[in-house]
Number of protein chains: 2
Amino acid sequence: MAIAELLFFAYRDFIGEPDSVLQEYGFGRAHHRVLHFVWRHPGMRVADLLDILNITKQSLARVLKQLVDDGLVLQEEGANDRRERRLHLTEKGLVLADKLSAFQRKRISRALAEAGPEGCSAVRQFLLSMVAEEDQPRVRELIEAKVAPDMWRAREVERHD
Amino acid sequence: MAIAELLFFAYRDFIGEPDSVLQEYGFGRAHHRVLHFVWRHPGMRVADLLDILNITKQSLARVLKQLVDDGLVLQEEGANDRRERRLHLTEKGLVLADKLSAFQRKRISRALAEAGPEGCSAVRQFLLSMVAEEDQPRVRELIEAKVAPDMWRAREVERHD
DNA sequence: AAATATAAGTCAACATGGCTGACATAACTG
DNA sequence: CAGTTATGTCAGCCATGTTGACTTATATTT
């Protein structure tokens, strides 16, 4: 059971540094998650974000509104479907997202180095296998794609066939 | 940066199943953490738990009191220092802790299997390296010990030399 | 013995970020 | 046109984190 505890401590410290930075900006962990996913997958829709974060529309709306109001996130009408709000980061948003991510990148690359060269793929496989089975294909696609706006939508359509 | 996202999804689903079970008992994630650490390290003091969880005494008190009142956790006076409350699980507490842990054990062992035989130690090393450097020795001791009441105390004393 | 330090508990107030339920608006779809 | 979908919003609740001030019991130091 040591892995369970390691995972707890690892995650605790993984989010610890960004948390303190966020506090200076008046944001919290929830803002970080939104910022991160919009950063990595610009053009993402609100519904995609809801799926990823596993939270309610109302919870997301609260933080998303703040990020938009504070000029970190832009919403633009979907090209095909004008109901959609495709999400992007502004320059200001990019700066913060990158700053937060820097801490995490550093920690991860140090940890990967200490896990050894073949350890990297083992870690990757382990983490993916920890994800709920039904979400694994989506997570796989998500992390492989640099930009993944419509891919997500296509998958949604498939599932309802 | 894919690892950051994998870690997010892995952790999200790692705590997902126990969360639903806890809800039936009227408990939350905070209770789970207390239950887990007291389970793995019976005889732990309140101060140790505070150190591990990185939360305030008042936050801990709220959930700990509920667990004691509901008969899942026992507090007994320290043998040497009667100010201490050494924490233990009751039979009822053991049952729930084990039930919650079962989901996580299953998920972890499946994921480790898919990471391969040498993958296991790589994962372990990776997670340990993700922990804040100053906490790594303590975490190492904690996860290696089956029971770790006074070890923690000894370390505290050392540090103030 | 008196002073101080430590372990734990408590009260009050507040912030964050989840939740439910109800409802509104605009735009797409059949 | 009718129904569905994507998004937003209002209102209130709950869990769990925070700070600050204070108490009690016990241990340690002077």
Side-chain angles (χ1 to χ4, degrees), chain A residues 12 15-16 18-20 22-35 43-69 73-87 149-150 152-153 156-157 159-160, chain B residues 12 15-16 18-20 22-35 43-69 73-87 149-150 152-153 156-157 159-160:
Chain A
R12 183 194 73 175
I15 58 180
D19 271 6
S20 4
L22 285 157
Q23 225 172 351
E24 298 167 22
Y25 286 74
F27 294 135
R29 205 168 293 176
H31 302 86
H32 186 187
R33 291 197 279 260
V34 172
L35 217 50
M44 179 167 268
R45 297 171 310 147
V46 171
D48 299 331
L49 213 36
L50 288 176
D51 255 23
I52 286 174
L53 300 177
N54 262 3
I55 59 175
T56 59
K57 190 174 44 161
Q58 295 92 323
S59 292
L60 175 58
R62 194 157 34 196
V63 296
L64 186 53
K65 193 173 188 306
Q66 283 178 278
L67 290 171
V68 170
D69 290 349
V73 170
L74 274 180
Q75 297 169 301
E76 61 180 27
E77 266 185 1
N80 297 331
D81 186 334
R82 287 171 48 222
R83 290 172 303 181
E84 297 173 351
R85 298 296 137 84
R86 314 305 293 226
L87 302 172
D150 288 315
W152 208 267
R153 176 169 183 75
E156 280 302 316
V157 172
R159 295 169 103 210
H160 296 307
Chain B
R12 183 195 72 175
I15 58 179
D19 271 7
S20 1
L22 285 157
Q23 226 172 350
E24 299 167 21
Y25 286 74
F27 294 135
R29 206 169 293 176
H31 302 85
H32 187 186
R33 291 196 281 260
V34 171
L35 217 49
M44 179 167 270
R45 297 171 310 147
V46 171
D48 299 331
L49 213 36
L50 288 176
D51 253 24
I52 286 176
L53 300 176
N54 262 4
I55 60 175
T56 59
K57 190 175 42 163
Q58 296 91 324
S59 291
L60 174 58
R62 194 158 32 199
V63 295
L64 187 52
K65 194 174 186 309
Q66 286 178 277
L67 290 171
V68 170
D69 290 349
V73 170
L74 273 181
Q75 297 168 303
E76 60 180 29
E77 265 186 1
N80 296 330
D81 187 334
R82 286 171 49 220
R83 290 172 303 180
E84 297 173 352
R85 298 295 137 85
R86 316 302 296 224
L87 303 172
D150 288 316
W152 208 265
R153 176 170 183 75
E156 280 302 315
V157 172
R159 294 167 106 210
H160 295 309

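Throughout, a chain's letter reflects where its sequence line sits, starting with A, and its residues are numbered from 1. Source: prediction; values computed, not measured.
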Legend entry - Protein-nucleotide distance (Arg33(A), atom CZ; dG17(C), atom P), rounded to Å: 8 Å

Legend entry - Any Ser59(B) side-chain nitrogen or oxygen under 4.0 Å from OP1 or OP2 of dT16(D): no

Inset, instruction - Take the protein atom CG of Asn80(A) and the nucleotide atom C1' of dT29(C), then report the distance between them rounded to whole Å. - result: 14 Å

Inset, instruction - Starting at atom NZ of Lys65(A), determine the distance to atom P of dG8(D), rounded to an integer number of angstrom. - result: 10 Å

Inset, instruction - Give Asp19(A) one of three labels, base, sugar-phosphate or nothing, depending on what nucleic acid heavy atoms sit under 4.0 Å from its own. - result: nothing

Inset, instruction - Assign the ring pair Tyr25(B) / Phe27(B) to parallel, tilted or perpendicular, where the plane angle (0 to 90°) is split at 30° and 60°. - result: parallel

Inset, instruction - Map Gly78(A) and Arg62(B) onto DNA chain C by nearest heavy atom, then report which one ends up closer to the 5' terminus. - result: Arg62(B)

Legend entry - Nearest-Å distance for atom pair CG/P, residues Leu60(B) and dG17(D): 9 Å

Legend entry - 5' priority, DNA chain C, between Gln75(B) and Ile55(A) [closest heavy atom]: Gln75(B)

Legend entry - Whole-Å gap separating C1' (dT16(C)) and CD (Gln58(A)): 16 Å

Inset, instruction - Keeping the roles fixed (side chain from Asp48(B), backbone from Arg45(B)), state whether a donor-acceptor pair exists under 3.5 Å. - result: yes

Inset, instruction - Establish whether the base of dG9(C) is bridged to the side chain of Lys57(B) by a donor-acceptor pair shorter than 3.5 Å. - result: yes

Inset, instruction - May I ask you to test the Arg33(B)-Ile55(B) pair for a side-chain heavy-atom distance under 4.5 Å? - result: no

Legend entry - Closest approach of Val63(B) to Ala30(B) (non-hydrogen atoms, all atoms of both residues): CG1-CB, 3.7 Å

Legend entry - d(CZ, Arg86(A); C1', dT7(D)) in whole Å: 13 Å

Legend entry - With Glu76(A) via side-chain hydrogen bond (donor to acceptor under 3.5 Å, both in side chains) - residues at least two apart: His88(A)

Inset, instruction - Please check the phosphate of dG8(D) (OP1 and OP2 only) for any side-chain N or O of Arg45(A) closer than 4.0 Å. - result: no

Inset, instruction - Would you tell me if any nitrogen or oxygen in the side chain of Arg82(A) comes within less than 4.0 Å of OP1 or OP2 on dA27(C)? - result: yes

Legend entry - Pair listing, salt bridge (Lys or Arg N to Asp or Glu O under 4.0 Å) test, anchored in residues 53-63 of chain B, at least two apart: none

Legend entry - Any Thr56(B) side-chain N or O less than 4.0 Å from OP1/OP2 of dG17(D): no

Legend entry - Residues in contact with DNA chain D, drawn from residues 22-32 of chain A - heavy-atom cutoff 4.0 Å: none

Inset, instruction - To the nearest 0.5 angstrom, please state how far the CD1 atom of Ile52(B) sits from the CE atom of Met44(B). - result: 3.5 Å

Inset, instruction - Classify the side chain of Arg83(A) and the base of dT7(D) as holding, or not holding, a donor-acceptor pair under 3.5 Å. - result: no

Inset, instruction - Round to a whole Å and report the spacing from CG of Leu67(A) to P of dG17(C). - result: 10 Å

Inset, instruction - Please report, rounded to the nearest Å, how far the P atom of dT19(D) is from the CG atom of Leu50(B). - result: 13 Å

